[in-house]
Number of protein chains: 2
Amino acid sequence: MEKYIKILKSNGLKITPKRKEIINFFIEKDRYATVEEVWNNLKLKFKKIGLPTVYRNLEKFSEIGILTEIRTRDNKAYYGLCNAENPKSHHHHIICVKCHKVRCIDFCNFNEITEKIEKESGFKILNHFLQIKGICSDCLQLNEKNKSFI
Amino acid sequence: MEKYIKILKSNGLKITPKRKEIINFFIEKDRYATVEEVWNNLKLKFKKIGLPTVYRNLEKFSEIGILTEIRTRDNKAYYGLCNAENPKSHHHHIICVKCHKVRCIDFCNFNEITEKIEKESGFKILNHFLQIKGICSDCLQLNEKNKSFI
DNA sequence: ATCATTGCAAAGTTTTTGCACCTGC
DNA sequence: GCAGGTGCAAAAACTTTGCAATGAT
């Protein structure tokens, strides 16, 4: 938690109860969630909490590297805690298709084929984004029915 | 073109003038486009053409492997011709950030790190999605200002 | 005290749905 | 002829914006 507070401060953002609760939500859930899910959680803890507040904060958190944002086929934004050592360093994510839990994958072998792709396609590569889906160990054990959201 | 007609037929879809024009549009443009862009093009060729028709067809084409669908930060769906040898085979895409041209990358070295990721994360990997962005040879030569849409 | 943050209401955008009519096969 | 395709209107779903009030530092 302190880690994220520091990031907020170092980016000139104020520490508000709602912001702390949003971060808390992601720390506890430890998975990707929709804006609405975050809002529903906040409504349990605060009498007054507007949906725009949630949108605005999730977007900001995403900008400063606390959260990662993913758009999916169902036209919703999903956010998840960026649990890499250095949030802004190069890494990818694996998402559980059952519980939406997300883990950062801190290594990547894309560079090995960069040159080959550039040669074959004629493109100058700027960046890449890899999204891995799977089932986490918790859900593998539960052996429940597979519901794919992401 | 015949290639795509075949795919339509083999999936039990009828060949209509609008569908042919949609495919034609993507063959000529050779890049990702928004639903609205496709619609604007169709409006030039048909007196009556509804936006829902475009949505419905792009979605279907995506299901049968003619088009690839990408969701971006601007909350729009982008579609592009799936120009891999076998549209449904495993491959990835590189997208030009300037002109949105898209090329299929027919090789992938992800499998090499599958086991490592599974061991470290505890996840059972189901699939992965890689999106590469770059500048195509045409745009590199033009040396225009870099506008990033995707 | 100051400026970021928030709540509320409203609007904006993209996408989907229902249904009657049309059309390819 | 019949199932699938289309147009239109409407609604749904998600997200953003403006502004006044509130709150963190």
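In terms of heavy atoms, C82(B) sits closest to G65(B) at CB-O, 3.5 Å.
Neither OP1 nor OP2 of dA24(D) sits under 4.0 Å from any side-chain N or O of T16(A). Neither OP1 nor OP2 of dA13(D) sits under 4.0 Å from any side-chain N or O of K76(A). Residue Y55(B) places no side-chain N or O under 4.0 Å from the OP1 or OP2 atom of dT16(C). Residue R71(A) places at least one side-chain N or O under 4.0 Å from the OP1 or OP2 atom of dT15(D).
Exactly one residue among K76(B), R31(B), K29(B) makes a side-chain hydrogen bond (donor to acceptor under 3.5 Å, both in side chains) with E37(B). That residue is R31(B).
The nearest whole Å value for the distance from the CG atom in L51(B) to the C1' atom in dG5(D) is 16 Å. The distance between atom CG of L58(B) and atom P of dT14(C), rounded to the nearest whole Å, is 15 Å. Between the CG atom of N57(A) and the C1' atom of dG7(C) there is a distance of 13 Å, rounded to whole Å. One can place CG of N11(A) at 14 Å from P of dA4(C), the figure rounded to the nearest angstrom. Across the protein-nucleic acid pair, K20(A) atom NZ and dT6(C) atom C1' stand 17 Å apart, rounded to whole Å. The nearest whole Å value for the distance from the NZ atom in K47(A) to the P atom in dC8(C) is 13 Å. Taking atom NZ of residue K48(A) and atom C1' of nucleotide dA20(D), one finds them 12 Å apart after rounding to whole Å. Spacing between atom CD1 of I22(B) and atom P of dG5(D) amounts to 12 Å, rounded to whole angstrom units.
Within 4.0 Å (heavy atoms only), I15(B) reaches sugar-phosphate atoms of the nucleic acid but no base atom. K60(A) comes within contact range of the sugar-phosphate backbone alone, with a heavy-atom separation under 4.0 Å but no base atom that close. If you check every strand for non-hydrogen atoms under 4.0 Å, I49(A) touches sugar and phosphate atoms only.
In K48(B), the NZ atom is not crowded: 12 or fewer heavy atoms of neighbouring residues, nucleotides or ligands sit closer than 6.0 Å. Atom NZ of K119(A) has 12 or fewer neighbouring heavy atoms from other residues, nucleotides or ligands inside a 6.0 Å radius. Counting heavy-atom neighbours within 6.0 Å of E120(B) CD, excluding the residue itself, gives a total above 12.
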Below 3.5 Å is the cut-off: list the nitrogen or oxygen pairs between protein and nucleotides 1-4 of chain D, distance only.
unit_1	atom_1	unit_2	atom_2	d
dA3(D)	N3	K14(B)	NZ	3.1

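Between the W39(B) side chain and the T53(B) main chain, no donor and acceptor come within less than 3.5 Å of each other. Counting only distance, with no hydrogens or angles, the side chain of R19(B) and the backbone of K14(B) share a donor-acceptor pair below 3.5 Å.
Comparing atom distances between the P52(B) side chain and each of dC8(D), dA24(D), dC8(C) picks out dC8(D) as nearest. For V35(A), taking side-chain heavy atoms from C-beta onward, the closest of the listed nucleotides dT15(C), dC8(D), dT15(D) is dT15(D).
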Less than 3.5 Å apart, which donor and acceptor atoms pair up between the side chains of residues 111-118 of chain A and the rest of the protein, not counting sequence neighbours?
unit_1	atom_1	unit_2	atom_2	d
T114(A)	OG1	F110(A)	O	3.4
T114(A)	OG1	N111(A)	O	3.2
E118(A)	OE2	I125(A)	N	2.8

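Toward the 5′ end of DNA chain C lies the nearest nucleotide of R56(B), the other residue of the pair R56(B) and K9(B) mapping further downstream.
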